[in-house]
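Notes follow the structure.
All ligand and atom numbering here is 1-based and tracks the order in the structure.
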Amino acid sequence: MRIDILTLFPQMFQGPFSESIFQRAVDRRLVAVNIHNIRDYTHDKHRTVDDYAYGGGAGMVIKAEPVFEAVESIKSEAYPEQGGRKELPVILLTPQGRLFCQKIAEELSGHSHLILICGRYEGIDERVREHLVTDEVSIGDYVLSGGELAAMVLADVVVRLLPGVLGSEDSARDDSHTTGLLEYPQYTRPEVYRGWSVPEVLLSGNHAQIARWRRQQAILRTLERRPELLDKASLGVEERTLVGRLKKSQSTGGGDK
Ligand code: ADE
């Protein structure tokens, strides 16, 4: 996969993409990330990227021209044989976008090329939204200083889904949200720490029992913390019955776990 990120603050991307799983994916050539400074696509002496809002009001608005030129230049370089006319997701990170989740990440991981545009200041010229961008994504109902952190979050979540990025030892299969459930509790050595013991079943060596315990814990944890996720999770008949029983005992104040 190739990811091109347009930003006014390219230095912000230096740390997060050069560590751990992401860097390994880059080293293995499973992903290539290019950071572009929107300012490099201006033509005036002051390299102007923003301007006052028509109609007045506080704050500056990112100009359409450098953003259009950046995207067009990336596409022309990447797809010369099509004259740069290639359909691919051009995503604006904005609090007004559709709310990012694992399902959207899975959808985006199926594309071979993404272009991410990081907004800043009070906004971006609406013509970018109308005529250049194909998708708008928000990472949560809060306002960041800009789209940079959101672009990093999106890229991180998408890249770890690419085939070959995670080894079998840290597979995404059991991740919270991949299964539609939150993850079960994990323990490592020592067996007893400050008097707190690892649950007996995990030491039993009985894989079927361990799998059943983990599944139950995941369901229980989801019910306690994010009950709304259970409506969409794929549960077996017995598991649905268990959830029904637990919900009932919750509502009647019972302590049934
Ligand atoms: N830019 C500012 N806030 C944002 C958010 N919550 N998600 C994506 N981009 C943003």
Of L92, T94, V133, the one forming a side-chain contact (heavy atoms from CB on, under 4.5 Å) with I124 is L92
Any salt bridge linking [X] with [Y]? Criterion: basic side-chain nitrogen under 4.0 Å from a carboxylate oxygen.
X: E106; Y: K103; result: no
X: E148; Y: R120; result: yes
X: R240; Y: E238; result: no

For I210, the rest of its hydrophobic cluster, which grows through side-chain links under 4.5 angstrom:
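ILVMFWY cluster around I210 also holds Y187, V198, V201, L202, L203, W213.
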Those residues with a heavy-atom separation under 4.0 Å from ligand 1 are L93, T94, P95, V137, S138, I139, G140, Y142, V143, L144, G146, G147, A150
Practice task
For E69 and H43, test the side chains for any donor-to-acceptor distance below 3.5 angstrom and give the result as yes or no.
Solution key: yes
